**Q** 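If you scroll down you'll find the structure; I have some questions about it.
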Amino acid sequence: MRLVNYQSPYPGNVRVGASVYVGLKEYPLEKNLKYLEILKKTGVEYVFISAHIPEMSPCFKEELIYVCNKALELGIKVCLDVAKPMMRSLNIPSVYSLRLDYGFSLDEIVEMYYKQINDKGPIVELNASTIKYNDLLYLQAKGVNLSKIRISHNFYPKKWTGLSVADVIKKNEMYHELGMNVMIYIPSSNMHRPPMYEGLPTVEVHRNLNIYAILSTIQYLGADEVFFGDSYASIEELEIAKKFNYNEAIIPIIIDSNISIDEKELLKKTHINRRDANEYFLRSSTRNNGRDILPLNTNNRKKYDVTIDNVKFGRYQGEVCVMMTDLEKDERVNIVGKALINDLVFDAIRFDNRKFRFLIVGEYDFK
């Protein structure tokens, strides 16, 4: 059962983090230190660092100390990803949490938890993509307060290996029921990490999606935190994520340069999907009260087309829709733009009939 009324405990609804990679030639120490300063300026307080990437150079351990010390100096909390084999040879620096990726027994996790609550160790962080429900119940039976540990999903460098939407929602609902807050990774479009260079999302359908469209789905997925999986996310991306209103959706669109001023103004309004909308299109309850909208681009409607009903539709004039399927042409319906989204965004808006807005990111002549 979906937790419709679940509210994230963090200001702005969702906590935003970033990632830094050490020991890789594409991410030299000097740039990593400067990136931490950028994160501080943009208000990002959490950073993920992996301690077991196969491609890491021999200087990794030394660089890790430098980066963690710099983060500590700036007041940025480090979530360090570790595996049991690496732990044996790694002198763990001062970090906020240890994300236990693999190789740890449940009893070892319990032991680390009690060190945590006695202020003798970092916060325990578990792998949300792989841990089992019964494992969490075992930890709970051993006295672990699950609300006092972190849990975060994997990211997936290889294309088509990311998690499905249904799987992430199901898992996140389970964690919420147990009183846990959960984090997912989203890709950056600024720089993709080697060796795949295909982005680092948790959810596969986020991989090539516009940042506004991605953020519009976070609440629907039941995530409390989003970290950019790719390092060196741009300042613009970081600021967008920090300032985003996660209670509504933003649909990035390209519009026809020939549409009227009234149509463009109508697209700038806040819309709400009608509660009685069907599977053919998102149907806004917002209408215009301006001048008549003349027919333009009354062509066959394709999935993701943005349309506005023209004067020939009588009392429906000014109704804004986003096509969820292909439909035949209608001389009463103008095609005014194309939404840069996928079906996940549709689901996120249709769920509980959320508010949505259009963001015009470009325009060209549709003719």
Side-chain angles (χ1 to χ4, degrees), residues 2 4-5 165-166 169 205 209-210 212-221 244-363 366:
R2 177 179 296 279
V4 176
N5 297 319
V165 170
I169 289 175
V205 294
L209 198 59
N210 177 282
Y212 285 99
I214 290 174
L215 298 177
S216 297
T217 69
I218 299 303
Q219 186 182 71
Y220 173 69
L221 293 169
F244 195 82
N245 179 1
Y246 290 87
N247 292 315
E248 69 177 18
I250 293 182
I251 300 179
I253 61 172
I254 297 173
I255 64 169
D256 186 341
S257 57
N258 298 304
I259 67 174
S260 67
I261 293 175
D262 285 339
E263 287 172 300
K264 186 175 291 188
E265 288 302 312
L266 187 54
L267 292 175
K268 293 179 181 179
K269 293 179 179 290
T270 298
H271 300 269
I272 301 176
N273 187 42
R274 286 181 54 141
R275 290 190 176 276
D276 57 353
N278 56 33
E279 71 271 23
Y280 301 112
F281 40 71
L282 294 181
R283 187 184 179 193
S284 173
S285 60
T286 302
R287 302 276 180 84
N288 79 313
N289 297 312
R291 295 179 293 272
D292 286 344
I293 296 173
L294 301 179
L296 176 72
N297 293 338
T298 56
N299 303 315
N300 291 331
R301 291 164 286 178
K302 302 294 184 182
K303 189 174 183 178
Y304 306 125
D305 279 348
V306 181
T307 67
I308 297 178
D309 294 351
N310 63 47
V311 66
K312 291 185 177 182
F313 231 138
R315 64 188 178 91
Y316 291 102
Q317 179 180 202
E319 183 168 278
V320 179
C321 297
V322 185
M323 296 296 107
M324 296 176 62
T325 188
D326 293 349
L327 292 176
E328 72 280 0
K329 65 188 299 184
D330 188 328
E331 65 177 7
R332 302 169 298 177
V333 180
N334 294 354
I335 299 173
V336 298
K338 175 71 76 173
L340 307 180
I341 60 174
N342 59 25
D343 289 354
L344 173 57
V345 182
F346 280 144
D347 291 338
I349 294 172
R350 294 175 73 194
F351 176 67
D352 206 30
N353 300 91
R354 294 171 63 198
K355 292 181 179 180
F356 66 94
R357 293 187 292 117
F358 295 106
L359 177 69
I360 300 172
V361 297
E363 57 182 82
F366 277 28

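Side-chain atoms are counted along with the backbone in the values below, which use heavy atoms only and exclude waters and symmetry mates. By convention here, the first residue in the shown sequence is residue 1. What you see is a predicted model, and the numbers here were worked out from it, not measured in a lab.
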**Q** Sort out for me which residue in Asn310, Thr298, Asn297 forms a side-chain hydrogen bond (donor to acceptor under 3.5 Å, both in side chains) with Asn334.
**A**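 One option only clears the test, and that one is Asn310.
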**Q** Heavy atoms only: give me the nearest His271-Leu266 pair and the separation to one decimal.
**A**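 Shortest heavy-atom contact: NE2-O, 3.2 Å.
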**Q** If you round to the nearest 0.5 Å, how far is OH of Tyr304 from NZ of Lys338?
**A**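 Between atom NZ of Lys338 and atom OH of Tyr304 there are 9.5 Å.
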**Q** What residue pairs, at least two apart or across chains, pass ring pair (Phe, Tyr, Trp, His ring centres under 6.0 Å) with a residue in residues 249-269?
**A**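 The answer is none; no pair qualifies.
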**Q** Restricting to salt bridge (charged side-chain N to carboxylate O under 4.0 Å, His left out), what partner residues turn up for Asp343, sequence neighbours left out?
**A**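 In terms of salt bridge (charged side-chain N to carboxylate O under 4.0 Å, His left out), with neighbours along the sequence ignored, Asp343 is linked to Lys303.
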**Q** Using a 4.5 Å cut-off on heavy atoms from C-beta on, say whether the side chain of Asn210 contacts that of Ile341.
**A**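 No; the side chains remain at least 4.5 Å from each other.
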**Q** Which atom pairs, one a donor and one an acceptor, fall under 3.5 Å between side chains of residues 312-320 and the rest of the protein, sequence neighbours left out?
**A**
unit_1, atom_1, unit_2, atom_2, d
Gln317, OE1, Ile293, N, 2.5
Glu319, OE1, Arg283, NE, 3.0
Glu319, OE1, Arg283, NH2, 3.3
Glu319, OE1, Arg287, NH2, 3.0
Glu319, OE2, Arg283, NE, 2.9

**Q** Mind listing the closest non-hydrogen atom pair of Ala339 and Ile253 along with its distance?
**A**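 In terms of heavy atoms, the two residues are closest at CA-CG2, 3.8 Å.
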**Q** How far does CD of Glu263 sit from CD1 of Ile308, to the nearest 0.5 angstrom?
**A**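 Interatomic distance, Glu263 CD to Ile308 CD1, rounded to 0.5 Å: 4.5 Å.
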**Q** Minimum heavy-atom separation for Asn258 and Leu296, please, with both atom names.
**A**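 Residues Asn258 and Leu296, closest heavy atoms: O-CD2, 3.6 Å.
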**Q** For a 4.5 angstrom cut-off between non-hydrogen side-chain atoms, does Val345 reach Tyr220?
**A**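 No. Closest side-chain heavy atoms not under 4.5 Å.
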**Q** Can you name the residues that form a salt bridge (charged side-chain N to carboxylate O under 4.0 Å, His left out) with Asp256, not counting sequence neighbours?
**A**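 Salt bridge (charged side-chain N to carboxylate O under 4.0 Å, His left out) check on Asp256 returns nothing, list empty.
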**Q** With sequence neighbours excluded, tell me which residues meet side chain to side chain donor-acceptor pair (under 3.5 Å) with Thr307.
**A**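 Here no residue qualifies.
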**Q** Can you tell which of Val336, Asp330, Ile335 makes a side chain to side chain contact (heavy atoms under 4.5 Å, CB included) with Val333?
**A**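 Among Val336, Asp330, Ile335, the one meeting side chain to side chain contact (heavy atoms under 4.5 Å, CB included) with Val333 is Asp330.
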**Q** Take Val165 and Thr217, measure what side-chain contact (heavy atoms from CB on, under 4.5 Å) needs, and give me the verdict at the end.
**A** CA-CA 10 Å; Val165 170; Thr217 69; over 6 Å; no
**Q** Using every non-hydrogen atom in the two residues, find where Leu340 and Leu209 come nearest and quote the distance to one decimal.
**A**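 Heavy atoms only, the tightest pair is O-CD1, 4.2 Å.
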**Q** Among residues at least two apart in sequence or on other chains, which ones pass side-chain contact (heavy atoms from CB on, under 4.5 Å) with Asp262?
**A**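 So Asp262 forms a side-chain contact (heavy atoms from CB on, under 4.5 Å) with Ser260, Arg291.
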**Q** Return the CD1 to CZ distance between Ile251 and Phe346, rounded to the nearest 0.5 Å.
**A**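 Ile251 atom CD1 to Phe346 atom CZ measures 7.0 Å (nearest 0.5 Å).
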**Q** If you compare all heavy atoms of Ile255 against all heavy atoms of Lys264, which two are closest, and at what distance to 0.1 Å?
**A**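 Result for this residue pair: CD1-CE, 3.6 Å.
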**Q** For Arg354 and Ala249, work out which heavy atoms get closest and say how close.
**A**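 It is NH2-N, 3.7 Å.
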**Q** Quick one: does any side-chain atom of Arg274 pair with a main-chain N or O of Ser284 as donor and acceptor, under 3.5 Å?
**A**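 No, Arg274 side chain to Ser284 backbone: no donor-acceptor pair under 3.5 Å.
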**Q** Taking only residues two or more places apart in sequence, or in another chain, which ones meet Asn278 in a side chain to side chain donor-acceptor pair (under 3.5 Å)?
**A**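 Scan of Asn278 (side chain to side chain donor-acceptor pair (under 3.5 Å), adjacent residues dropped) gives none.
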**Q** For Leu294, check side-chain contact (heavy atoms from CB on, under 4.5 Å) against everything at least two apart and list the hits.
**A**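 Expected list: none.
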**Q** How many angstroms lie between atom CE of Met324 and atom OH of Tyr280, to the nearest 0.5 angstrom?
**A**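 Those atoms lie 11.0 Å apart.
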**Q** Nearest 0.5 angstrom please: Ile349 CD1 to Ile272 CD1, how far?
**A**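 One gets 12.0 Å once the value is rounded to the nearest 0.5 Å.
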**Q** Between atom CG of Asn299 and atom NZ of Lys329, what is the distance when rounded to the nearest 0.5 Å?
**A**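 Reported value, rounded in 0.5 Å steps: 6.0 Å.
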**Q** What class does the angle between the rings of Tyr212 and Phe244 fall in, given that below 30° is parallel, 30 to 60° is tilted and above 60° is perpendicular?
**A**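 The rings of Tyr212 and Phe244 sit tilted, inter-plane angle from 30° to 60°.
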**Q** For the pair Arg301 and Glu328, evaluate side-chain contact (heavy atoms from CB on, under 4.5 Å) and give the outcome as yes or no after the intermediate values.
**A** CA-CA 6 Å; Arg301 291 164 286 178; Glu328 72 280 0; 4.2 Å; yes
**Q** In chain order, what residues pass the salt bridge (charged side-chain N to carboxylate O under 4.0 Å, His left out) check against Asp326, with sequence neighbours excluded?
**A**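 In terms of salt bridge (charged side-chain N to carboxylate O under 4.0 Å, His left out), with neighbours along the sequence ignored, Asp326 is linked to no residue.
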**Q** Checking Lys355 now: which residues fulfil salt bridge (charged side-chain N to carboxylate O under 4.0 Å, His left out) with it, not counting sequence neighbours?
**A**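 Checked Lys355 against salt bridge (charged side-chain N to carboxylate O under 4.0 Å, His left out); zero matches.
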**Q** Run the side chain to side chain donor-acceptor pair (under 3.5 Å) test against Ser216 and tell me which residues pass, sequence neighbours left out.
**A**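 Here no residue qualifies.
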**Q** Can you name the side chain to side chain donor-acceptor pair (under 3.5 Å) partners of Lys302, sequence neighbours left out?
**A**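 With neighbours one apart ignored, the set is empty.
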